[in-house]
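Accompanying notes for the structure given below.
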Amino acid sequence: MQTVTILGATGSIGESTLDVIQRHPDLFRVFAITGHKQLERLVQQAKACHARYLVVADEQDYAKAHELALRYELSSEVLAGQRALEEVASAAEVDTVMASIVGAAGLEPTLAAVKAGKRVLLANKESLVMSGALFIDAAKQSKAEILPIDSEHNAIFQCLPADFRYGDLDASGISKILLTGSGGPFRERDLQSFMDITPDEACAHPNWSMGRKISVDSATMMNKGLEFIEACWLFGLGQDDIQVVLHPQSTIHSMVQYIDGSVLAQLGNPDMRTPIAYGLGYPNRIDAGVAPLDFSTLADLSFTTPCATRYPNLYLAIEACRVGQSATTRLNAANEIAVQAFLENRIGFTQIAQINEEILNRFEPTEVSSIQQIRELDKQARLAALALVEEG
């Protein structure tokens with residue numbers, strides 16, 4: 001019986017995690033769930049999964065969450081604030097933490113779980129994008145077990161040899177990691193019409209059901225860029241060890257190419273419950289509630305190279321990865337500001353990449369040695385990106 005904390009329970013990953021857990025009441029119990037603004041949904045979840053604690057991220061929402069808890073006759077204890085998030089992520093009773101808070105907000109609670117030596121199911125890619133070496137060093141010191149939940153990194157993990165040595169592809173006979181991406185909803189759209197793209201169009205992903213921020217990142221392929229950075233840290237890779245491949249069907253989730261000419265691929269229907277179940281059950285396989293692929297219905301598996309003109313954000317992220325930690329931290333911050341501004345109809349779709357590029361080019365690389373420094377770089381980039389948004 002594993003005891004689980006879910007950071008970001010009301011998002012798509014959190015919802016899918018609860019779905020898998022409820023299928024296996026003999027294997028998992030929920031210690032705590034956390035959320036941001038969907039307070040009533042969070043209370044409903046806590047009641048359904050019998051969570052011991054319910055945590056809201058913003059302390060100002062405590063009174064409303066407490067009122068809802070009384071209305072639903074909730075037995076869970078209601079907590080609020082950053083410190084509470086970190087406490088339920090690092091509590092002694094907890095075995096496994098699903099880290100699925102979207103964006104930079106997930107850094108500290110995810111790092112708290114790592115420092116406490118938990119099994120961390122990592123769906124918050126921004127933790128590695130922002131803190132890289134600090135995150136990996138903390139995991140090594142605490143002996144935390146990091147299992148990737150993003151479908152692509154989970155696929156890579158499944159295709160690696162059991163004796164894979166971090167950062168040593170040669171020793172494992174590996175020549176390259178092939179990171180796949182669908183290309184989002186605008187893979188074939190006329191480039192001249194990109195300024196007319198609306199938030200609803202950008203959020204209409206053809207294969208995956210995701211939150212609005214991640215959906216926009218998928219449309220710009222910044223999501224793939226962040227995943228590129230994450231893969232470098234997760235597996236100890238250099239930038240030249242990874243090749244990004246467009247695969248519109250999202251059937252192959254990623255591949256590992258070996259020096260003997262073999263390529264191992266992980267396939268499945270585009271449903272996040274598969275990697276979630278893999279992480280929860282590891283090293284065993286458990287039912288995810290996902291139907292297996294029906295190969296008789298697969299009409300096509302196609303692959304192309306992503307175009308830099310169509311997907312400038314992808315190549316900005318790869319360049320930031322080459323520059324170093326301060327660049328990836330600033331780029332992530334700028335992108336969060338730009339995407340939110342786009343979702344609020346304050347800037348156009350193509351301006352997301354323009355703002356990101358401006359921030360990436362504006363600042364010189366900086367050595368990063370602490371979380372406090374990371375937060376300062378993050379704040380600096382956000383303020384600069386906000387100013388660009390205001391300028392229009």
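This one's a predicted model, so the numbers in the text were calculated from it and none came from an experiment. Positions are given from 1 along the sequence.
- Inter-residue side-chain proximity for Leu267 and Ile252 is flagged as met; some heavy-atom pair is nearer than 4.5 Å.
- Within the 4.5 Å cutoff, the side chain of Phe157 has no heavy atoms near those of the Leu234 side chain.
- A distance-only check finds no donor-acceptor pair linking the side chain of Thr180 to the backbone of Val245 [under 3.5 Å].
- Side chains of Ile337 and Ile355 form no contact here, defined as non-hydrogen atoms less than 4.5 Å apart.
- A donor-acceptor pair under 3.5 Å is formed between the side chain of Thr198 and the backbone N or O of Glu201.
- Side-chain contact between Ser151 and Met272 is present, with at least one heavy-atom pair separated by less than 4.5 Å.
- Here the CD1 atom belonging to Ile136 is positioned 6.5 Å from the CD1 atom belonging to Ile146, to the nearest 0.5 angstrom.
- The aromatic rings of His153 and Phe235 sit parallel to each other, their planes meeting at less than 30°, with 60° as the upper class boundary.
- We find the CZ-CE distance between Phe186 and Met221 to be 13.5 Å, quoted to the nearest 0.5 Å.
- Surrounding NE2 of His247 are more than 12 heavy atoms belonging to other residues, nucleotides or ligands, all under 6.0 Å away.
- Without hydrogens or angle criteria, Arg187 side chain to Leu246 main chain gives no donor-acceptor distance under 3.5 Å.
- The backbone N or O of Leu7 lies less than 3.5 Å from a partner atom in the side chain of Ser100, making a donor-acceptor pair.
- Within 6.0 Å of the CZ atom in Arg362, the count of heavy atoms belonging to other residues, nucleotides or ligands exceeds 12.
- One finds the OG atom of Ser218 at 11.5 Å from the CG atom of Leu226 (value rounded to the nearest 0.5 Å).
- Residues forming a salt bridge (Lys or Arg N to Asp or Glu O under 4.0 Å) with Glu376 (at least two apart in sequence, or on another chain): none.
- Within the model, atoms OG1 of Thr17 and CG of Leu280 stand 6.5 Å from one another, a figure rounded to the nearest 0.5 Å.
- Residue Leu107 holds its CG atom at 6.5 Å from CD1 of Ile374, rounded to the nearest 0.5 Å.
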Under the ring-ring contact (aromatic ring centres under 6.0 Å, His included) rule, what do Tyr315 and Tyr311 come out as? Steps first, then yes or no, please. CA-CA 7 Å; Tyr315 293 94; Tyr311 302 114; 8.5 Å; no

Considering only distance and modelled atom types, tabulate donor-acceptor pairs under 3.5 Å from the side chains of residues 27-38, sequence neighbours left out.
residue, atom, partner, partner atom, Å
Arg29, NH1, Thr3, OG1, 3.4
Thr34, OG1, Gly8, N, 3.0
Lys37, NZ, Asp61, OD2, 2.9

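- In this structure, the side chain of Thr220 engages the main chain of Met222 through a donor-acceptor pair within 3.5 Å.
- Side-chain N/O atoms of Gln325 and Thr328 include a donor and acceptor closer than 3.5 Å.
- A distance of 5.5 Å separates CD1 of Ile177 from CG of Leu237, quoted to the nearest 0.5 Å.
- By the rule that hydrophobic residues join a cluster once side-chain heavy atoms approach within less than 4.5 Å of another member, Leu331 and Ile347 end up as members of separate clusters.
- Between Glu126 and Glu336, the closest side-chain pair of non-hydrogen atoms falls below 4.5 Å.
- Asp240 and Arg322 are joined by a salt bridge, as a carboxylate oxygen and a charged side-chain nitrogen come within less than 4.0 angstrom of each other.
- Without hydrogens or angle criteria, Ser262 side chain to Tyr258 main chain gives no donor-acceptor distance under 3.5 Å.
- Taking 4.5 Å as the limit, some side-chain heavy atom of Gln239 sits within range of a side-chain heavy atom of Cys232.
- Salt-bridge check for Asp200 with Arg212: passed, with a basic side-chain N closer than 4.0 Å to an acidic carboxylate O.
- A distance-only check finds a donor-acceptor pair linking the side chain of Arg273 to the backbone of Gly289 [under 3.5 Å].
- A distance-only check finds a donor-acceptor pair linking the side chain of Ser175 to the backbone of Gln257 [under 3.5 Å].
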Between Glu86 and Gln82, is the side chain to side chain donor-acceptor pair (under 3.5 Å) condition met? List the steps. CA-CA 6 Å; Glu86 295 178 24; Gln82 184 69 30; 3.3 Å; yes

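- Annotation for Gln60: atom CD does not count as buried by contact number, only 12 or fewer foreign heavy atoms lying within 6.0 Å.
- Side-chain atoms of Gln141 and Asp137 include no donor-acceptor pair closer than 3.5 Å.
- Side-chain atoms of Ser16 do not come within 3.5 Å of backbone N or O of Ile13 as any donor-acceptor pair.
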Tyr282 vs Arg119, side-chain contact (heavy atoms from CB on, under 4.5 Å): CA-CA, chis, key distance, verdict: CA-CA 10 Å; Tyr282 184 80; Arg119 169 179 281 189; 3.7 Å; yes

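- Glu108 contributes no side-chain N or O that, together with a main-chain N or O of Leu85, makes up a donor-acceptor pair within less than 3.5 Å.
- With a 4.5 Å cut-off on side-chain heavy atoms, Leu169 and Phe164 count as touching.
- Around the NZ atom of Lys176, the shell of radius 6.0 Å holds more than 12 heavy atoms that belong to other residues, nucleotides or ligands.
- Proximity of Ser127 to Leu111: side-chain heavy atoms (C-beta onward) are nowhere separated by under 4.5 Å.
- Listed by chain and residue number, nothing satisfies the salt bridge (Lys or Arg N to Asp or Glu O under 4.0 Å) test with Asp95 (two or more places apart in sequence, or in another chain).
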